[in-house]
Structures are given as structure tokens and as C-alpha cells.
Number of protein chains: 2
Amino acid sequence: MQKKYLTIYHDLVKNIQTNVWPTASMLPSEKELTITYDTSRETIRKALNLLAQNGYIQKIRGKGSIVIDRKKLSFPVSGITSFKELANNLQLDTKTSVVNLEYITATDQVRSLLEVEEQEDAWKVCRVRTIDGVRVILDKDYFVGEIVPKLPANICEESIYEYIEGEIGLTIGFAQKEIIVEEPTEEDKVFLDLEGFSNVVVIKSLIYLEDARLFQYTESRHRPDRFRFVDFARRIK
Amino acid sequence: MQKKYLTIYHDLVKNIQTNVWPTASMLPSEKELTITYDTSRETIRKALNLLAQNGYIQKIRGKGSIVIDRKKLSFPVSGITSFKELANNLQLDTKTSVVNLEYITATDQVRSLLEVEEQEDAWKVCRVRTIDGVRVILDKDYFVGEIVPKLPANICEESIYEYIEGEIGLTIGFAQKEIIVEEPTEEDKVFLDLEGFSNVVVIKSLIYLEDARLFQYTESRHRPDRFRFVDFARRIK
DNA sequence: TTGCATAACTTGTATATACATGTTATACTT
DNA sequence: AAGTATAACATGTATATACAAGTTATGCAA
């Protein structure tokens, strides 16, 4: 059975995105929505809570749900989105070149990052992202060898995520990210068009599967003028 | 009546933080928790879903809830946290100096940021944050005058948030944030100890009340070496 | 011993009901 | 006309039940 509350959620998102309910307008009440979608109130509430979590609406007790303006700071880059999805959304002229792809026996440094045992193997992929002909992002990915046994070279030029979720059948669960600013390494200077920039923005991500197993560590190194991160945050209860 | 699911949520968080259930261990099953807390399963599930949202646990169907290691990238700075709360958590030697505090008739620029009508008034606060004797953060806050009628100078040296949520009785609902890197302005150069850094990290935040009214715009300008942002993200369904 | 079906767990989805609590418009009272 | 009580409606919390679906241990059969 298709999950009703997810179907409703996506339908509501579509309605907001196509301005059926414009910014600052009110959604139909929960009771009305139960009639529209022929379902129970709790199911509607699950869908609405997803909308609230993802910054589409604000629920106000006694009044209803009001549509939030997401374009104010433009689209959220937050969440777990791959470079390819992002580029497609923005319709940028982008290219990905694989600088390096190797199956390594994890060094101490990699072992501590991926938390694998001694003598464990891992994939190391190094890629350069080019936007409008300028090399602006250097991605260094490490995958746990036990979880990702094969990583064909041609896949790396495309979307590794599509391969991992589609071909291998793994499902990503969550990610922990850290954003800091560093001085460029020699590697950064070689592979990026830094043009005098004396800093790079580094996003370090630990990516976990649905069963909470760590399977990837990534360092995404950006030229500072092409970096941008948008976030939506709710007050912690 | 105290909200049961929130009480349970905070109790579970405390148990995780005090290592009653260490990283990678399993929480008691939902059924066991209903007995422990003498409540229904749905109430337990509400609390557990909050834990999952905030990166404390990963729920795995058929198995149970596993505790996530949050210290891997250390605590999340994400969410809506004030400088004061942050400094207290980290036990840093910090100081806040008010550079400027004025009640202004909104200029075009401020009006578009705060989305207020023509001739509306707003508070403009400019503060420098000093950590270990070094001026590393420049905060520029704008508050909608209609919502925050008074803003005593002594409050600005302390926590404006405590004042707004405590004294005025407003409740913050959510925030939209954007992180980018800019070249330092003349103002940055005057008020920050940039020591040759040629970039500043800028966090622009639009902060909304519980009823979705925009009431604050903030630019937090950081010296890049003292900037750090940690995020927890779940896969979008 | 090995393999497999099954039972006994786990969490996920959908529904229903009751009442609490906040908001707003209505109608009544002063 | 102004203020106030009230009714109608909104969302929030708590509980119960039923079944779906994934995981694991048990025990039987080959």
C-alpha cells in the first residue's frame, strides 16, 4: 500500500509550489482536508507536520496553517542533496571530472574517519566540479569497502548516489555535517581555480545508512565566492 | 497539564546524555517504554520521533531505536541558538560590546529586509563579540519596532533573546538562514581583529515569531578561523 | 547439522474518539 | 454603542485498536 500521508504531503507541497496556496495564505483546515483526501485527521496531521518540519508552513493553534515564504532566502540547499540534483535544479552548466579513484587499505586517518577496523578497505574518490567552465569545488569521498564493494569509474562521473541507492539498493538515513573555513592545501591550489582566494569553505559530512551504519565520509571544498548554504531551523522545544 | 510527550522526550535526552544508553546501544522498545512511563504507545512514539528529528536516535523498523553518536562532529550549533547560550555551553571567555543602538525610521534597505511598511520604525543594534580577548564576531540586528517597542541598552549587553522571550513574552517560531562568504566591509575592518584575513563568513537570518510574523533580521559576521557550523540532516522523504 | 517455516517480537500506518485549548464571529446584555 | 458571554471552529494532546511489515529466535523436519 502506498503511504497515504506521504502522498498527501507531496500533493500539498505541489500545491504550494504552484501557488494554489500562495505565501502568507491559509491552508484549508484539517477537517476540510480530511474530506478532500477522504482520510482521518491524524493522517492529515502527519502530512502537515512534515510540511512544518520542512519549512513550508507554520501551524498556528486555533487559527490554521499559514504558508511560509521559502523564496526569501531562495531554495534550501540543506538536507542531503547531491551535486547532480543541485545542478539540475539550478540549470547550471556543470561538469564533473574524476581526478582520482582508488581502492585503498585504510590509513590511520581514513580509519578514524570511517571508523572501520584495522586492515579494512575503502574507496577513495577525488572529483572536481566545474561550473560555467571554472573549477570551484573539490570533492573527496571515502566509502566503506564492505558496504560498497564495487565503484565503477564511469559512475563517478555521474551520480554516485543514484548508483548507491538505485543499483546497490542502499538507503541513506541521515548525515552529520560541519562547515568550516580553511587555508587552501596544495591539492586545492592544483585542482581549483582559486584566483587569489586565500580561503576555502570545507563541508565535512559523515553519511549514515538507514540502519545507522556509517558508510561515507566526504570533504567538499568550495571556492568561497561560489559557496552558499541555506538552512531552515525550528525552535527547539 | 504538562505535555507528557515533551516530558518523556527530555527525560530520554537526559538518559542519552548521561550515558544510561550509550552510543550505538538500543533504547528499550516502545512497548517497554509505555510501561516505564505509564502511557500509550502513540505518546511514546511522539517523544521518539522528536529524538530522531534532533539527531539523538535512528529508528529501525523491526529492530528498535539505536543511539547516534552526536559527539562525532561535536554538538550541533544548528537550530536557533543565541550567542550567549553558546558561550555558556562552551565555557568560553566571552564579552559583548554594544557598538551602536538606535531607533530608526527604516531605510529602503532595512524595509525590504524586514518587510515593513513605509515610515515604519525599527531597532538597529550593532554588537561586537569578543572571545578570549579577540574581536571575532560582528552582529548587526534589526527588530521590527511595532513588535519590539522598547529595547533597553543594558539588555543588549546581555541576551536580547531572554528579554524578548522572557520580558516581552514573545515566542520565536522559526528562522531561515543563509551562510555565505564575503569580503570584509570597512565596518568589519574597524570593529573586528581581522589580522589579515581577507574574508568574513556571514550568516544572514530571518527570524519569525510563532504566528509567522517576521520580527528580526540579523547579519552575523565572523572571522573565518573562528567560524563553525554543525548540522544534522535527514533524508527527505 | 542444516535449512526452513513459524512464532514472537519489533516499528510503521491508518483510523476513531475524547477532551483541552486557542481564535473568531455572533448575539446578547448593559 | 460598547462590552461581554457564548457558540462555532481551529489545532493540540492522549488514548485505543487493528493490521502491515521488517527482524530475530525457536523449533521442527530433512
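Just so it is clear: chains get the letters A, B, ... in the order the sequence lines come, proteins before strands, and each one is counted from 1.
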Participant: Name the residue closer to the 5' end of DNA chain D, choosing between S29(A) and K46(B) according to the nucleotide with the nearest heavy atom.
Facilitator: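 Nearest-nucleotide comparison on DNA chain D picks S29(A).
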
Participant: For dA16(C), take OP1 and OP2 only and decide whether either is under 4.0 Å from a side-chain N or O of R41(A).
Facilitator: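 No, no such contact exists.
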
Participant: Report yes or no: do R213(B) and Q58(A) form a side-chain donor-acceptor pair below 3.5 Å?
Facilitator: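 No - no donor-acceptor pair under 3.5 Å links their side chains.
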
Participant: Out of dG12(C), dA16(C), dT15(D), which has the shortest distance to the side chain of S40(A)?
Facilitator: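 The closest nucleotide is dA16(C).
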
Participant: Rounded to whole Å, how long is the line connecting atom NZ of K3(A) with atom P of dT11(C)?
Facilitator: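 In whole Å, dT11(C) P and K3(A) NZ are 16 Å from each other.
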
Participant: When the distance from CD1 of I35(A) to P of dC9(D) is rounded to whole Å, what number comes out?
Facilitator: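 Taking atom P of dC9(D) as the reference, CD1 of I35(A) is at 12 Å.
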
Participant: Would you kindly give the CZ-to-P distance between R61(A) and dG22(C), to the nearest whole Å?
Facilitator: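 Atom CZ in R61(A) sits about 5 Å away from atom P in dG22(C).
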
Participant: Are I172(B) and F215(B) close enough, and set up right, to give a side-chain contact (heavy atoms from CB on, under 4.5 Å), and what steps lead you there?
Facilitator: CA-CA 9 Å; I172(B) 280 90; F215(B) 93 109; 4.1 Å; yes

Participant: May I ask you to verify if any side-chain N or O of T43(B) is less than 4.0 angstrom from the OP1 or OP2 atom of dT15(D)?
Facilitator: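 Yes, such a contact exists.
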
Participant: Should the ring pair F174(A) and F232(B) be called parallel, tilted or perpendicular, given that the plane angle runs from 0 to 90° and is split at 30 and 60?
Facilitator: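 Aromatic pair F174(A)/F232(B) classed tilted.
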
Participant: How close or far is atom P of dA14(C) from atom CG of L6(A), stated in whole angstroms?
Facilitator: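 Between P of dA14(C) and CG of L6(A): 8 Å.
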
Participant: Take K63(B) and E42(B), find for each the nucleotide of DNA chain C with the closest heavy atom, and name the residue whose nucleotide sits nearer the 5' end.
Facilitator: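 The residue whose closest nucleotide sits nearer the 5' end is K63(B).
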
Participant: To the nearest angstrom, how far is Y5(B) atom OH from dT15(D) atom C1'?
Facilitator: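 Result: 15 Å.
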
Participant: Write down the distance between CD1 (I44(A)) and C1' (dA14(C)), rounded to a whole number of angstrom.
Facilitator: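 Result: 12 Å.
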
Participant: Across the strands shown, which category fits L48(A) at heavy-atom distances under 4.0 angstrom: base, sugar-phosphate, nothing?
Facilitator: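 Counting heavy atoms under 4.0 Å across all strands, no contact is made by L48(A).
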
Participant: Once you round it to whole Å, what is the distance between C1' of dA16(C) and NZ of K4(A)?
Facilitator: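 Checked: the NZ to C1' distance equals 13 Å.
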
Participant: Would you mind reading off the distance between Q58(B) atom CD and dG22(D) atom P, rounded to a whole angstrom?
Facilitator: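 It is 16 Å, rounded to the nearest whole Å.
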
Participant: With a 4.0 Å cut-off on N to O distance, would you call E165(A) and R235(B) a salt bridge?
Facilitator: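 Yes.
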
Participant: Exactly one of Y142(B), F143(B), Y163(B), Y103(B) should register a ring-ring contact (aromatic ring centres under 6.0 Å, His included) with W123(B). Which one does?
Facilitator: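 The residue from Y142(B), F143(B), Y163(B), Y103(B) that satisfies ring-ring contact (aromatic ring centres under 6.0 Å, His included) with W123(B) turns out to be Y103(B).
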
